Amino acid sequence: MKFGLLITEGPYQHEASDSAYQFAKAALAKGHEILRIFFYSDGVLNSTKLMDPQADDRHIQKQWTELSTSNNIDVIVCVAAAKRRGINDDVIADGFKIGGLGMLTELAIEADRLVEFRA
Amino acid sequence: MKFGLLITEGPYQHEASDSAYQFAKAALAKGHEILRIFFYSDGVLNSTKLMDPQADDRHIQKQWTELSTSNNIDVIVCVAAAKRRGINDDVIADGFKIGGLGMLTELAIEADRLVEFRA
Amino acid sequence: MLHLINKSPFESMSLEDCLKYANKGASILLYEDGIYAAMPGTAVSERMAGVTADYKVYALKEDMMLRGVDKVMDGVTEIDYAGFVGLVEESKTASW
Amino acid sequence: MLHLINKSPFESMSLEDCLKYANKGASILLYEDGIYAAMPGTAVSERMAGVTADYKVYALKEDMMLRGVDKVMDGVTEIDYAGFVGLVEESKTASW
Amino acid sequence: MAKLMVVFRTSPYGTIYSFEGLENVLIMGAYDQDVSVLFIDDGVLAIKKGMDNSSTGIKDFSPTFRALEAYDIEKIFIDRTSMESRGLKLEDLVIEPEIIEADAVEKMMEEQKNFFMF
Amino acid sequence: MAKLMVVFRTSPYGTIYSFEGLENVLIMGAYDQDVSVLFIDDGVLAIKKGMDNSSTGIKDFSPTFRALEAYDIEKIFIDRTSMESRGLKLEDLVIEPEIIEADAVEKMMEEQKNFFMF
């Protein structure tokens, strides 16, 4: 099936990013296609390459970058939500792209299943 | 009285930053001293100078910077919370300083009143 | 003690949690989404009538205006941010 | 329909909100802090026994382990992330 | 045309979800799809009349809900129990959604190609 | 010495508050003050035994609670009703707090110079 994921919470603060990451890996392992992962609201904060967690903790941005590049998944950060939260091209990590909110509508049109990870 | 403020939510996502800002202004207007405003958890995201909200919306970082510089208030962003969320010296705005969590304990020791703005 | 409640009573248990610990006569300030607990004529109004009998309940005017809540139920006192600061002068605060 | 519940039943009304709309026989997956609704012997266990009679209730194993919840009440089925994906294959999902 | 829906279920201002959900609806309106909007639970509070941001500067987005029709979004629904339990009547709202009963909500969700909850 | 207290009232992992609250307690331990810790509401779940993060990689911080004594933090309390309504007994916890009744909580807060809630 064609899956789309929507994530609306920031990393570390809320478990949503972790759950979405585990779900994405499990969906890929079952042979599903992930059309796009869309970050909205505080979800955009997942994309900053300045993230520098403690050495014994997971690095959430790097997990997304690795998932995105090794599986060729489109990972989009909403530009409107990003701007008000201080995320722009200066800080966005490899594997993420800043895009318009229309890409979320397109995802809802194309995907067989849209799964939302939220607070 | 000597007040201390603790803010643990990010800007725009939650009203906590707005409420804390209004409270701080009202406390100053009544002649109180604000010893320190401490940003912890997602509160650290208030400090990014990359924040770029829509023209008709308030600019939360600039509000803090203006409040801090014109009233000479110590505004501290917790280094541990900041690192895991991608806030560092490259993006921190004027009027904010990155500091250790010990500065929160010191605030609790010194302040007559500690008010927490949280989710 | 001043207890700060900023969550909707229709979605969050934070006010009920607070009431388990708050002794009668304590102050409770409703602000942010906590404002909705003070709206007249809702599913929590009867419960809130009991709360106002035992506690001093306040609602923050600025957050009422923002939400289009133009009046509060009997027993709740409207205050502005200056009044909020005044309550903090009188008591330690707990944020729920 | 698959309903996703990720908030503690002791603090949030999200499960009760969901149940107002979910027709009998729908699936409910408890994950993240939603796990606590499935813990045996709590203040919500009796309520949850009624829920499991009317709905297919699942709990996410990985989030149980993380929280030290080693067993769930009767009527709740443990599944892992692969099982979560399987439920999504079968139904549209609503995140509460 | 895909059937798409946005469900508002959180109160405004305390958190940003309903505001960013509205931004999402407006964009969807530009895509020529079969778009519906549904207000349930605390989401009904987002369209209450009389909001006034003059004392806080927080952006008041309730007028934008009135613009939904201009964006060709005309299928707007509200759950009766959510509205009544918050003491609201249709005349208290900035728009006039069609009232539905709680037991119709899940079916409405099922009928969509996909839907969002904010 | 100032009397300071950290109150844990949120569940672990779903949100970061209890983890960052614990980081705060450990720092406070270095300041030679009269520090107390209190677990109420969902905060009691933060010290449940048997946590295992091997399947998610999310940092398991429950062992750090066991280290509180090493940081000279020995005044640790738990609300009885919060514990019982979540089906927990003292032997289910990684530390052994002193049990208090709900009506003692506000008084304990009042006695502090300042306190934090996480």
Side-chain angles (χ1 to χ4, degrees), chain B residues 1-43 46 53 56-58 60 63-64 67 71 73 78 104-105 107-119, chain C residues 1-19 21-22 26-39 56-69 72 77-96:
Chain B
M1 279 183 137
K2 294 176 184 170
F3 282 21
L5 270 57
L6 171 61
I7 299 160
T8 57
E9 296 303 314
Y12 304 103
Q13 183 83 359
H14 192 282
E15 196 179 345
S17 309
D18 295 292
S19 301
Y21 174 71
Q22 298 294 337
F23 181 88
K25 283 201 302 181
L28 294 170
K30 290 192 76 173
H32 293 292
E33 182 183 0
I34 298 180
L35 291 182
R36 178 173 291 160
I37 301 176
F38 195 91
F39 289 95
Y40 195 36
S41 297
D42 262 7
N46 281 272
D56 63 345
D57 202 354
R58 79 276 190 210
I60 293 179
Q63 287 180 342
W64 288 121
L67 186 84
N71 297 281
I73 297 173
C78 171
L104 180 57
T105 299
L107 183 60
I109 294 169
E110 298 296 327
D112 297 312
R113 291 285 184 271
L114 187 76
V115 187
E116 189 175 354
F117 293 87
R118 50 171 290 177
Chain C
M1 180 78 77
L2 172 64
H3 298 279
L4 302 180
I5 301 292
N6 68 343
K7 294 173 201 70
S8 165
F10 307 110
E11 286 303 321
S12 163
M13 297 301 290
S14 72
L15 176 58
E16 291 299 329
D17 286 339
C18 164
L19 293 172
Y21 309 112
S27 296
I28 297 173
L29 171 60
L30 306 169
Y31 78 114
E32 296 181 1
D33 288 345
I35 287 296
Y36 297 117
M39 268 199 309
K56 287 172 279 186
V57 182
Y58 303 88
L60 188 66
K61 182 73 188 168
E62 287 86 346
D63 276 329
M64 289 175 55
M65 290 171 61
L66 184 62
R67 288 164 176 77
V69 176
V72 291
T77 306
E78 294 180 24
I79 60 170
D80 60 9
Y81 269 102
F84 183 175
V85 172
L87 291 177
V88 174
E89 289 165 5
E90 291 166 27
S91 316
K92 295 192 176 72
T93 68
S95 297
W96 295 85

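The figures here come from the full heavy-atom set of this structure, side chains too, leaving out hydrogens, waters and symmetry mates. Small disclaimer: the values here were computed from a predicted structure and weren't measured. Residue numbers begin at 1 in each chain, while the letters A, B, ... track the order of the sequences.
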Heavy-atom proximity to chain B below 4.5 Å, by part of [X]:
| X | value |
| --- | --- |
| C/S91 | backbone |
| C/L66 | side chain |
| C/L4 | side chain |
| C/D63 | side chain |

Open item on the list: Using every non-hydrogen atom in the two residues, find where C/A22 and C/H3 come nearest and quote the distance to one decimal.
Closed with: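 Smallest heavy-atom distance, with atoms named: CB-NE2, 3.5 Å.
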Open item on the list: Which heavy atom of C/Y81 sits nearest to which heavy atom of B/S19, and what is that distance?
Closed with: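 Answer, listing the atom of C/Y81 first, then B/S19: OH-CA, 3.3 Å.
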- [ ] Describe, in one word, how the ring planes of B/F39 and B/W64 are oriented to each other, choosing from parallel (under 30°), tilted (30 to 60°) and perpendicular (over 60°).
- [x]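 Perpendicular.
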Task: Output field: ring centroids B/F23/B/F117 closer than 6.0 Å - done: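 Close enough - the centres of the two rings lie under 6.0 Å apart.
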Open item on the list: Less than 4.5 Å to any heavy atom of chain C: does that hold for the side chain of B/A29, its backbone, both, or neither?
Closed with: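 Looking at B/A29, nothing touches chain C.
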Open item on the list: Do the side chains of B/E110 and B/R36 get close enough for a salt bridge, i.e. N-O under 4.0 angstrom?
Closed with: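 No, no charged N to carboxylate O under 4.0 Å.
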Open item on the list: Below 4.5 Å, heavy-atom pairs only: which of C/T93, C/L2, C/V88 has the largest tally toward chain B?
Closed with: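 Between C/T93, C/L2, C/V88, the count favours C/V88.
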TODO: Considering only heavy atoms and a distance below 4.5 Å, find which of B/R113, B/R118, B/E116 pairs most often with chain C.
DONE: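 Heavy-atom pair counts peak at B/R113.
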TODO: To the nearest 0.5 Å, tell me how far B/L114 CG sits from B/L5 CG.
DONE: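 Atom-to-atom, B/L114:CG and B/L5:CG are 8.0 Å apart.
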